[in-house]
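As structure tokens, the structure follows; a few thoughts come after it.
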2 protein chains.
Amino acid sequence: MNTVNLKQLAKELNLSVSTVSRALRDSWEISTPTKQRVFDLAKKMNFQPNPYASSLRKHRSRTIAVVIPEVANNFFALAIKGIETIAREKGYHVLIYLTNEDCGEEVSVAANLQSGRVDGVILSLSEQTRDVRHLLELQQRNVPLVFFDRVCDSIEAPKVVTNDYESGFVATEHLIKAGCRRIAHLTISMDLSISHKRMKGYTDGLLRYDLPFDEEMVIHCEDDEESIYRKIRALLSSEKRPDGIFASVEKLAVQVYHVCRELGLDIPKDVKVLGFSNLVTASLLNPALTTISQPAYEMGKEAATILFRRLEKKYIVVPDDRVILPARLEVRSSTI
Amino acid sequence: MNTVNLKQLAKELNLSVSTVSRALRDSWEISTPTKQRVFDLAKKMNFQPNPYASSLRKHRSRTIAVVIPEVANNFFALAIKGIETIAREKGYHVLIYLTNEDCGEEVSVAANLQSGRVDGVILSLSEQTRDVRHLLELQQRNVPLVFFDRVCDSIEAPKVVTNDYESGFVATEHLIKAGCRRIAHLTISMDLSISHKRMKGYTDGLLRYDLPFDEEMVIHCEDDEESIYRKIRALLSSEKRPDGIFASVEKLAVQVYHVCRELGLDIPKDVKVLGFSNLVTASLLNPALTTISQPAYEMGKEAATILFRRLEKKYIVVPDDRVILPARLEVRSSTI
DNA sequence: AAGCTGAACTACAACGTTTTCGTAAATAAA
DNA sequence: TTTATTTACGAAAACGTTGTAGTTCAGCTT
């Protein structure tokens, strides 16, 4: 592969390897004319220092890992963009690992990251993850960890989240004010803290407006697309059909649209729909979807900023600080 | 960071470092009982070999780079997913770099990748890229390169694309058969080979059905969202307004929807719309968008497969082979 | 003139693996 | 019995960079 190294530069310049190395790092120990000679030749030969030699020597890789459940999803895609932006600024490299919502894959990725390959990890839990020993082990190996969105409350680490409880409450309240009396809540894994919080916002919303909580109105959608579809279809075909739906993640809202279309249900007349979502096309849907949209890009940037602050040890980082960025309710025709 | 290494294992087991290394790699030179002892201790101490030491020694990093213009876009997100899937299978790691459609960033990424950091690169050109010297240099350094979607015809390297010419033709033909007589083509940078091909399909489609080609009906949208919006708005407000629109990329189709909504134009009555797109919500839009959808996931997988075939040198890879995966026309209400 | 200072460099070890080249002992072949 | 081969291991040299600890020599002090 690459073959121009310090030794070659040194030989060419009649200098020692150490001098060349130091010159390139602009050390004060090297005279200006020598530095210039070194710079010039390095440029001419297009010298790129071997990052692996450097990492080995310095015990720092200038590389971080981003571990997320999926990427074909606007939320995570924007978060990556935020992370990559900050990483680029700081001169770091970004490794990406997709768990596909599978805890087993998350475990194997975490095990692999114990090798010192990365200086830090930014992670969003997979839907299936219950046991978090693999993440604790990572911490024991002193690999700094920052969570975002799907955080793990039982681990002491910085977390970047949205105001999930409030958003759940606001969403429910909005549906109630729009006239809904029987609101279903579609949620993913109850092992995730964000699910709990959004759900608590939902139940508190009902409570606040004296609506009864009905167990049957909470649908857990943890499985494959097919069975999620069936569950939603069952819900919307039932006699006690809800008149409002609060979907805690984007894909569930999308499925609701598909089911309504198939059952000939009119949104918002028959059922009002609202969902957490970062769809760029939310306003173009038929009807336009009311969303709770999260500041995904900013969350990514924030998570990365916190991680780098820790890596560069410029500030003492509170080990458990939690940054809460507000999500926004965007009212559109699906709830009017 | 990580601190358990071969030396420690060796000392603990009263063996030499070389023996431990060999045992872990299951070498025939080591006796079975010794291997077992080594395996057991390695497992117990949760030994993870330092990847950088290994990379340095072996001149292979088991890491590839994916360089793409953006990620918040279903096409590229799915492609990444495909690439990551194959990379995982092969035990490779994936570095991600976003150029944000900026040629300068592409150049600086390419320069950085000359360091030997990666064993290979999968790349999709930025919209702005004209000069490709940075990629040629990468090849000169023997970094294997595979293009996908936005390929560079002037560089000899494997390419994974869709049948862009045919798709452009089919799209145009479909609009014509739907009754359009004045079809506009919205395109991005004319420096990209895919743009040319889609455009050629468009002009040949017009020719085939004896429709005149009108320069004014080709809108080049290479700038920021704001000015793209203005251009499309101008097009649709003009007296000689088209009755059909063929958008060569997703974001342009989305903008057309926004403009039509604002101008009170009815899709498909006033103007029919069709676009290259991988939107999951295409069928839920108002009206549902007719798309040419590319097999993004498969393209990612294919690009990765070709790259690994080359890296593992199992087969002699044709340096310039081109894999063409067909895109699909999905007819929906925006063109009926 | 001897000793000191500092500027500008060099030598060498280290980082953790892998690999090449040995070599001692055990076994097989002559 | 002697020689050849095999088995199972070890020593040491890489890989390319960086950090520590010198070294050299000019210029200065006393």
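Only a predicted model underlies this, so the values are computations on that prediction, with no experimental measurement involved. Letters A, B, ... are given to chains in the order of the sequence lines, protein chains preceding strands, and every chain is numbered from 1.
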Practice task
Please work out whether the ring planes of Y92(A) and F308(A) are parallel, tilted or perpendicular, with thresholds of 30° and 60°.
Solution key: tilted
Exercise for the section: Choose from dG16(C), dT17(D), dC9(D) the nucleotide whose nearest atom is closest to any side-chain atom of N50(A). Expected result: dT17(D)
Practice task
Write down the distance between NZ (K35(B)) and P (dT7(D)), rounded to a whole number of angstrom.
Solution key: 12 Å
Exercise for the section: Take the protein atom CG of L56(A) and the nucleotide atom C1' of dC15(C), then report the distance between them rounded to whole Å. Expected result: 4 Å
Practice task
Would you indicate which nucleotide in dG19(D), dC9(D), dG16(C) comes nearest to any side-chain atom of K58(A)?
Solution key: dG19(D)
Problem - Closest nucleotide among dA11(C), dT17(D), dT17(C) to the V17(B) side chain - result: dT17(C)
Practice task
With the side chain of L6(A) defined as its heavy atoms from C-beta on, choose the nearest nucleotide among dT19(C), dC15(C), dT18(D).
Solution key: dT18(D)
Fill in the blank from the handout: note: I30(A), atom CD1; dG6(C), atom C1'; distance rounded to Å ~ 14 Å
Completion exercise
Q8(A) CD to dT17(D) P, in whole Å, measures 9 Å
Problem - Distance, rounded to the nearest Å, where L15(A) contributes CG and dT24(D) contributes P - result: 18 Å
Handout entry: Between dC9(D) (P) and L24(B) (CG): distance, integer Å
Key = 14 Å
Exercise for the section: Using a 4.0 Å cut-off on protein heavy atoms (strictly under), produce a 5'-to-3' string for nucleotides 20-27 of chain C with B for base contact, S for backbone-only sugar-phosphate contact, and - for none. Expected result: B-------
Exercise for the section: Have a look at S54(A) and say if it touches a base, only the backbone sugar-phosphate, or nothing, with a 4.0 Å heavy-atom cut-off. Expected result: sugar-phosphate
Exercise for the section: Give a yes-or-no answer on whether the side chains of T34(A) and S31(A) include a donor-acceptor pair shorter than 3.5 Å. Expected result: yes
Exercise for the section: Ignoring backbone atoms, establish whether S21(A) has a side-chain N or O less than 4.0 Å from OP1 or OP2 of dT18(D). Expected result: yes
Fill in the blank from the handout: Rounding to 0.5 Å, atoms NZ (K301(B)) and CD1 (I86(B)) come to a distance of 5.0 Å
Practice task
Would you check, one step at a time, whether the test salt bridge (charged side-chain N to carboxylate O under 4.0 Å, His left out) holds for D26(B) with K35(B)?
Solution key: CA-CA 7 Å; D26(B) 205 12; K35(B) 275 184 195 168; 3.0 Å; yes
Practice task
Could you check which of dG10(D), dT18(D), dT10(C) has an atom nearest any side-chain atom of T19(B)?
Solution key: dG10(D)
Completion exercise
The residue among E137(A), Q140(A), H134(A) that forms side-chain hydrogen bond (donor to acceptor under 3.5 Å, both in side chains) with Q114(A) is E137(A)
Practice task
Mind checking T34(B) for me? I need base, sugar-phosphate or nothing, with any heavy atom below 4.0 Å counting as a touch.
Solution key: sugar-phosphate
Problem - Spacing of Y52(B) atom OH relative to dG16(C) atom P, expressed in whole Å - result: 14 Å
Problem - Atom pair distance, as rounded to whole Å: CG in N14(A) and P in dA8(C) - result: 19 Å
